[in-house]
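Hydrogens, waters and symmetry mates are skipped; everything else that's a heavy atom, side chains included, is used. In this text the structure is predicted, and so the values were computed from the model without any measurement.
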Amino acid sequence: MRIRRILTASATTAAVTALGLTLAVPAQAAEYSSALKIKGVQYDAPGRDSNKCSGGNTKNEYLTIKNYSKTATVNLKGYKVKDATGNTFTFKKSHTLQPGDYVSLRGGRGTDSDAKNVVYRQNCNFIWNNDKDTIYFYKPGGTRADVHAYTKKSNDRDGNGYITYHG
């Protein structure tokens, strides 16, 4: 009869520390306790970048936020999205997401719509860099809901400008 020992996470950490080793955990590995998470990002709008409010393509750059809860409805009012350089968008209006529902936060100007699951930043400048960036997503109280860093080379294998994070 073989006896197996299962180490808890704290026992494993203690054993690794006792050996003088460190656990390398990538920043992306942290899971935040939030029903809302970043589903994906179209960080590079198709076509040539043009941030003109009329005829530009900033509306084709978007971030998809999904409610991964099985039971809770969540209001986006007060949530913030931020990039590595500090460009920030705050959801100022009520926009509720039912369990499994999502919203696309788009650049450019437009009319927000619960029915079409879209909120516009009302800003014609691009927020995400085409080569690399970090997307921070904060709850209304300021705690982090989700974060993802990307590089075009490492994370966008097919080169279409879209990266999926949470399925």
Side-chain angles (χ1 to χ4, degrees), residues 22-70 74 76-93 95-140 142-167:
T22 58
L23 288 173
V25 179
Q28 305 281 90
E31 273 299 317
Y32 297 95
S33 61
S34 175
L36 300 183
K37 295 196 183 298
I38 299 166
K39 183 177 190 297
V41 62
Q42 180 73 48
Y43 68 91
D44 187 3
R48 185 173 176 195
D49 285 354
S50 173
N51 63 353
K52 294 178 184 175
C53 284
S54 177
N57 65 340
T58 56
K59 69 177 190 271
N60 296 327
E61 179 184 89
Y62 60 93
L63 179 71
T64 304
I65 298 166
K66 182 176 177 181
N67 182 353
Y68 286 90
S69 171
K70 294 188 188 313
V74 182
L76 279 166
K77 187 174 182 177
Y79 276 80
K80 290 183 183 185
V81 174
K82 195 172 169 181
D83 76 346
T85 61
N87 294 308
T88 304
F89 173 82
T90 303
F91 289 89
K92 295 186 189 231
K93 298 177 185 174
H95 187 91
T96 56
L97 295 179
Q98 303 295 322
D101 202 6
Y102 67 91
V103 66
S104 292
L105 174 61
R106 292 189 174 272
R109 301 193 194 290
T111 304
D112 298 349
S113 171
D114 279 338
K116 294 183 181 178
N117 293 337
V118 65
V119 172
Y120 288 89
R121 292 190 304 110
Q122 305 304 334
N123 183 323
C124 296
N125 292 321
F126 291 98
I127 191 170
W128 312 118
N129 292 327
N130 289 351
D131 59 344
K132 64 181 178 177
D133 212 333
T134 303
I135 305 165
Y136 300 94
F137 184 46
Y138 294 97
K139 295 178 183 181
T143 58
R144 199 174 279 172
D146 204 5
V147 63
H148 294 281
Y150 68 84
T151 64
K152 182 174 188 163
K153 184 177 180 180
S154 297
N155 302 106
D156 188 8
R157 303 269 186 227
D158 60 8
N160 68 355
Y162 187 84
I163 300 170
T164 300
Y165 294 111
H166 301 280

**Request:** Return yes if some donor-acceptor pair links the side-chain N/O of Tyr68 with the main-chain N/O of His166 below 3.5 Å, else return no.
**Result:** yes
**Message:** Donor-acceptor pair, distance only, cut-off 3.5 Å: does the side chain of Arg109 make one with the backbone of Gln122?
**Reply:** yes
What are the two closest non-hydrogen atoms of [X] and [Y], and how far apart are they?
X	Y	answer
Arg157	Lys153	NH1-O, 3.7 Å
Val103	His95	CG2-NE2, 3.4 Å
Gly40	Tyr162	CA-OH, 3.4 Å
Pro46	Gln42	CD-NE2, 4.1 Å
Pro140	Lys77	CG-O, 3.6 Å
Pro99	Ser69	CB-O, 3.1 Å

Atom pair [atom1] ([X]) and [atom2] ([Y]), whose distance is rounded to the nearest 0.5 Å:
X	Y	atom1	atom2	answer
Asn123	Cys53	CG	SG	7.5 Å
Lys80	Thr90	NZ	OG1	4.5 Å
Asp112	Leu105	CG	CG	9.0 Å
Ile163	Asp158	CD1	CG	9.5 Å
Phe126	Ser50	CZ	OG	6.5 Å
Thr134	Asn129	OG1	CG	9.5 Å

**Item:** Contacts of type side-chain hydrogen bond (donor to acceptor under 3.5 Å, both in side chains), residue Thr85, not counting sequence neighbours
**Value:** Asp83, Asn87
**Request:** List in chain and number order the residues that pass side-chain hydrogen bond (donor to acceptor under 3.5 Å, both in side chains) with Asn117, two or more places apart in sequence or in another chain; answer none if no residue qualifies.
**Result:** Asp101
Do the side chains of [Y] and [X] get nearer than 4.5 Å, heavy atoms only?
X	Y	result
Tyr165	Ile135	yes
Leu36	Asp146	no
Phe137	Lys37	no
Asp133	Val41	no

**Request:** Inspect the surroundings of OH in Tyr102 and state if more than 12 heavy atoms from other residues, nucleotides or ligands are less than 6.0 Å away.
**Result:** no
**Request:** With sequence neighbours excluded, give me every ring-ring contact (aromatic ring centres under 6.0 Å, His included) pair touching residues 35-64.
**Result:** Tyr43-Tyr150
**Message:** Can you list everything that forms a ring pair (Phe, Tyr, Trp, His ring centres under 6.0 Å) with Phe89? Sequence neighbours excluded, please.
**Reply:** Phe91
**Prompt:** Which pairs, with at least one residue in residues 39-51 and sequence neighbours excluded, count as a salt bridge (charged side-chain N to carboxylate O under 4.0 Å, His left out)?
**Reply:** Asp44-Lys152
**Sequence neighbours excluded, every pair satisfying side chain to side chain donor-acceptor pair (under 3.5 Å) that has a member inside residues 52-61** = none
